[in-house]
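Here the structure is laid out as structure tokens; the discussion comes afterwards.
Worth knowing before you read on, the calculation uses all heavy atoms, side chains too, and leaves out hydrogens, waters and symmetry mates.
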Amino acid sequence: MALIILSGCDVPNAEIKGTVTYEKVPHSSISHGLEYDKSFDAPVRGVEVQLIEDGNIIDTYVTGSNGEFKFIKKMDTFVKIRVRAELSNDTNDDDGNEWQVRVVDNTNQKALYVLETDTFEVKREDMNVDLHAASGWRRGEGYGSTRASAPFHILDKVYDIFVKLDAIGSVQLPALTINWSPNNIPQFGDITVGEIGTSYYQNGQIFLLGAEDVDTDEYDQHVIIHEWGHFFEDSVARSDSIGGPHAGGDYLDMRVAFGEGFGNAWSAMITDQPTYQDSFDQDQATGFSIEIEDNDVINPGWFSEGSVQSLLYDIYDEASDGQDFINLGLEPIVAVLTGQQKNTDAFTSVFSFMTYLKDENPSFVNDFNNLLEAQNITSDVDIWGSNATNDGSLPEALPIYLELNPAEVIRVCTSTSQGADGNKLANHRFIKLNVPSTGSYTLTLTPSRDNDIDGYIFTQGQEIAKNEAAGIEPAVITTELTQGISIADVIGYNAEGTAVAATCFNAEFQMN
């Protein structure tokens, strides 16, 4: 028998294939906490799988809807497989969506989460190598090992959003970083050690809680998608929301009511699950829920996030609940948010949104009117809420915008009767500045009592000028304004400027 020596080029190829999965932990329909004993494997979709040899990436593969991947590699080599917690879809096609999302550890120098195998030998022509990210949960022990599945569940919920957006057309998005860590706790302080306070979006980044036995959000899909909704508004649509504490039933600044109501409704639209669930407490076993589709909300009105979320979801959803016979889906909602509302002269609110939605969908006007009236919002809307009659039991809340022309002086009063967090109804008052021609103007805000007054001037949602100086002297704002309409947003504080206060002041507008 002759001895045959194969050259390197004659070494046969091997096919390495497998799937990437993560452990998904569902919520209880009763307690709304997490049910670890009902966990199941779910595919990791749309992520890059890397084939690595000698520390070098020699091939990549993007997982499909089942989390599958495949590589061809010479036998008798040593490799490992790595999966990155990152979604990326860079396209040169103007009709395609573009995005890049990374899940990182904000307590570890923004390190990207990865899942990888040990190095192994390619020694068969067909090799199956599966990668699985486990939750790390051990009954009776808590999180006894690495919580590998958390970043991949977070990423998979963002993938759900992209699936929905792909179905309606092109949306070009900037890069997004999602910060999650087991060290992220509900305490405000240094975010590099996890003191994030709460889950939130800010400046192109989402921060999510991960505090075991206190409040974790990595499996709370509605929370993840809600915060992504704020990213969407900020990056390709527009949100004038000033943020701050909020809860169902609160009488809110209309900008906050719309932003938070949209975030809740968005989470229900993406998941097609209108029961919003958020887990917390010992073993993440309890939680709360919000019925997004519920039309019977506490304190309905244009200042209610409950009214906004119910209204938006009714416009989207496929089911008729006795009041709602509309089934517009996601596309017209996204079209208004990224279109007319993005450039509105008014602040973003249910008034601006519904005005433009009616303009774009005239055949549904009667249905829209019914939905508005069911939430105690006037159906005769314009972007200014000019015909609003529901004052939330605060005379200071109406009219929503006060008119001010050059050479005029008007009396303005704020209120703290519905809360003094700075984002409650009538904490801020809005003044519509009518600018007859482009030029220099001065707005003077003179308090009647010993109060500190802060003022801001906006044009189409962009801050043009402000006066936040401490003290009880008149706040004077001089700036260049373009012909048309700008808005002054004014709030009062105590004399020390340390607490929001109910006050009255004179507003004078002058052309220089």
Side-chain angles (χ1 to χ4, degrees), residues 29 65 95 97 157-171 221-222 224-226 228-230 232-233 236-237 239 248 257-277 289-297 300-302 304-342 348-381 383:
S29 61
S65 60
D95 295 328
N97 290 332
K157 295 307 99 187
V158 177
Y159 187 87
D160 285 341
I161 299 171
F162 294 148
V163 169
K164 287 268 187 167
L165 290 178
D166 266 343
I168 64 171
S170 175
V171 178
Q221 61 178 357
H222 287 87
I224 297 165
I225 297 170
H226 173 110
W228 192 95
H230 290 323
F232 173 80
E233 285 185 297
V236 296
S239 174
F258 187 80
E260 298 305 329
F262 164 72
N264 288 344
W266 181 255
S267 72
M269 294 174 195
I270 297 301
T271 61
D272 288 310
Q273 296 179 15
T275 300
Y276 184 113
Q277 295 177 299
S289 67
I290 304 170
E291 294 300 329
I292 304 298
E293 199 169 17
D294 187 2
N295 294 302
D296 187 17
V297 305
W302 49 273
S304 164
E305 67 178 90
S307 289
V308 171
Q309 69 199 26
S310 170
L311 183 69
L312 292 179
Y313 192 74
D314 277 344
I315 291 166
Y316 161 83
D317 73 344
E318 297 181 359
S320 170
D321 57 13
Q323 290 179 316
D324 159 32
F325 299 94
I326 308 174
N327 174 21
L328 291 187
L330 206 60
E331 186 170 4
I333 295 171
V334 170
V336 169
L337 292 172
T338 59
Q340 299 97 315
Q341 175 137 307
K342 186 173 183 178
T348 55
S349 72
V350 69
F351 295 116
S352 59
F353 179 83
M354 291 305 300
T355 297
Y356 298 127
L357 191 70
K358 283 186 177 186
D359 289 346
E360 293 300 309
N361 302 273
S363 62
F364 291 95
V365 165
N366 289 337
D367 294 306
F368 294 149
N369 289 345
N370 290 335
L371 292 177
L372 286 164
E373 290 167 3
Q375 294 303 321
N376 204 7
I377 303 171
T378 179
S379 60
D380 185 16
V381 294
I383 63 173

Open item on the list: Any donor-acceptor pair under 3.5 Å linking the side-chain atoms of Gln221 with those of Gln277?
Closed with: no

TODO: For Ser379 and Glu373, test the side chains for any donor-to-acceptor distance below 3.5 angstrom and give the result as yes or no.
DONE: yes

Task: Pro332 to Leu357 - nearest heavy-atom pair and separation - done: O-CD1, 4.0 Å

TODO: Could you tell me which non-hydrogen atom of Ser307 sits nearest to which non-hydrogen atom of Gly301, and how far apart they are?
DONE: OG-N, 3.0 Å

Do side-chain atoms of [X] reach the backbone of [Y] as a donor and acceptor pair under 3.5 angstrom?
X	Y	answer
His222	Thr271	no
Gln309	Ala265	no
Ser352	Ser349	yes
His226	Ser267	no
Thr355	Phe351	yes

Task: Member of Ile333, Leu330, Leu312 meeting the side-chain contact (heavy atoms from CB on, under 4.5 Å) criterion with Trp266 - done: Leu330

Answer whether the closest heavy-atom distance between the side chains of [X] and [Y] falls below 4.5 Å.
X	Y	value
Val381	Phe368	no
Met354	Leu311	yes
Phe364	Asn327	no
Val334	Phe232	yes

Task: SB check Lys164 Asp272 (cutoff 4.0 Å) - done: yes

Open item on the list: Could you measure the distance from the CG atom of Leu371 to the CG atom of Asn295? Nearest 0.5 Å is fine.
Closed with: 7.5 Å

Task: Mutual orientation of the aromatic rings belonging to Phe262 and Phe258 [parallel < 30°, tilted 30-60°, perpendicular > 60°] - done: parallel

TODO: Mind telling me whether Phe162 and Trp228 have parallel, tilted or perpendicular rings, with 30° and 60° as the class edges?
DONE: perpendicular

